[in-house]
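Please read all numbers here as calculations on a predicted model, not as lab measurements. Lettering of chains follows the sequences in order, A, B, ..., and the numbering in each one begins at 1.
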Amino acid sequence: EQLFVGDQVLRIMASNEEQIALLRALGEQTELQVDFWRHPASPGHPSDLRVPFPSLQAVKTLLESNGISYSIMIQDLQKLLDEEKKAMAKSRRTER
Amino acid sequence: STSTFDFASYHTIDEIYDWMDTLVADHPGLVSKLQIGQSYENRSLYVLKLSTGGSNRSAIWLDTGIHSREWITQATGAWTANKIAEEYGQDPSVTAILDNMDIFLEIIANPDGFAYTHSSNRMWRKTRSINAGSHCIGVDPNRNWEAGFGGAGASRSPCSETYHGPYANSEPEVRAIVDFVTNHGNIKAFISIHSYSQLLLYPYGYTNTPVPDHEELHEIAERAVTALSSLYGTSYEYGSIYTTIYQASGTTVDWTYDQGIKYSFTFELRDTGRYGFLLPASQIIPTAQETWLALKVIMQYTLDHPY
């Protein structure tokens, strides 16, 4: 089972086409293993990027050095996944 | 009985497939289950047919879960199938639609990916086909259709989440729908349901050229979104795929529109990014309820405006 401990989802707001292109290029860098949950569309539209824990520093540095603003949408993905799994198990145990 | 199925919870493929049989058993004169093909890993591709009879009636198609990790969509699909079955004979609009048209609903359009999200990788989006010459698995089934296939807005890299695949319809999950739609020949509305970001979109995605029916589709989308928002105030944007989000080639509804299915739409359900694909189960029913209002607008319009 793939675990996502420490992975974050970043909400990124590109302000121009150049930054959009940069984000798209970021998505193509296979070694970073990032995953766009919401792809970069146009300036002013948010995009959401899941970043594996080992790539976090590199991605954040790249965003900051290019003046691309972002916030952390999901702090630790695995925590949410664990909650979801727990809710499913609980639901299955409940007699209906 | 369907009354023991918890629509407010997420379920595995086996649970959903078992429930489909109980839905059929509970509504024997209305609901039937068709197998339209098999997935890459040989799972059955099932479609629920809701029909009051007649041969080759015009029809409405709904599918959910073509991107497997978008769990809110499969959950909404199950709720919707049950809702349609229960409302026939009760709700005048649903009754009129089903008295004249059939509804086909594919709840798990990407079963291999869905099973994989439960067993190995909750974030899996694509199919599970092996790509020759690459260690990366899967094709994006919403880039694999014969509509601007391989153009901008799809990736040629098998490692990308938007990999278009080696050729159009390479994925059996896509091919099965293509064959079904083509053989049926009388599908008048096609609605493909995704999540997230709260959008109602219509063709095209592969080009910024507006479709000939742009104005009509825009007006239907506006009405549908107004109905959807009336329940909980959920905010939706609407427009063509290209102008509202981004260029995307080889998408489902671009192909269906080009096949002559005028009322082709694609949804992006809740949310706008607080949880993304991990939308809590407590939001399944509100999401399905509001989506239902929009679906009814599109279905009713399809009935009232034959072509």
Problem - chain A contact residues among residues 196-206 of chain B, heavy-atom distance under 4.5 Å - result: B/Tyr196, B/Ser197
Handout entry: Part of residues 233-248 of chain B lying next to chain A, heavy-atom separation under 4.5 Å
Key = B/Glu237, B/Thr244, B/Ile245, B/Tyr246
Verify the distance criterion only: is there a donor paired with an acceptor across the side chains of [X] and [Y] at less than 3.5 Å?
| X | Y | result |
| --- | --- | --- |
| A/Gln8 | A/Arg50 | no |
| B/Thr251 | B/Trp145 | no |
| B/Thr207 | B/Thr209 | yes |
| B/Gln74 | B/Thr64 | no |
| B/Thr287 | B/Gln283 | no |

Is [X] atom [atom1] crowded by more than 12 heavy atoms from other residues, nucleotides or ligands, each under 6.0 Å away?
| X | atom1 | value |
| --- | --- | --- |
| B/Glu41 | CD | yes |
| A/Gln57 | CD | no |
| B/Ile285 | CD1 | yes |

Fill in the blank from the handout: Per-residue tally against chain B (heavy atom, under 4.5 Å) across A/Met88, A/Glu28, A/Lys85 peaks at A/Met88
Exercise for the section: With side-chain contact (heavy atoms from CB on, under 4.5 Å) as the test, would you mind laying out the steps for B/Arg43 and B/Phe114 before giving the verdict? Expected result: CA-CA 11 Å; B/Arg43 290 183 177 84; B/Phe114 191 56; over 6 Å; no
Practice task
For a side-chain hydrogen bond (donor to acceptor under 3.5 Å, both in side chains) with B/Asp140, tell me which candidate from B/His164, B/His67, B/Lys126 qualifies.
Solution key: B/His67
Check whether [X] gets within reach of chain B through its side chain, its backbone, both or neither, counting any heavy atom under 4.5 Å.
| X | value |
| --- | --- |
| A/His45 | side chain |
| A/Arg11 | side chain |
| A/Glu83 | neither |
| A/Phe4 | side chain |
| A/Pro40 | backbone |

Practice task
Measure B/Trp71 against the heavy atoms of chain A and call it side chain, backbone, both or neither at under 4.5 Å.
Solution key: side chain
Practice task
Select one option (side chain, backbone, both, neither) describing which atoms of B/Ser160 are under 4.5 Å from chain A's heavy atoms.
Solution key: side chain
Exercise for the section: Identify whether the distance between the nearest side-chain nitrogen and carboxylate oxygen of B/Arg69 and A/Asp35 falls below 4.0 Å. Expected result: yes
Exercise for the section: Determine, for B/Glu290 against B/Arg270, whether the closest basic-nitrogen to carboxylate-oxygen distance falls under 4.0 angstrom. Expected result: yes
Problem - Six-ring centre of B/Tyr116, B/Arg128 cation under 6.0 angstrom, axis tolerance 45° - result: yes
Fill in the blank from the handout: Heavy-atom closest pair (B/Gly65 atom, B/Thr73 atom, distance to 0.1 Å) is N-OG1, 3.0 Å
Handout entry: Choice from B/Cys159, B/Ser155, B/Ala8, B/Gly273 maximising heavy atom contacts with chain A below 4.5 Å
Key = B/Gly273
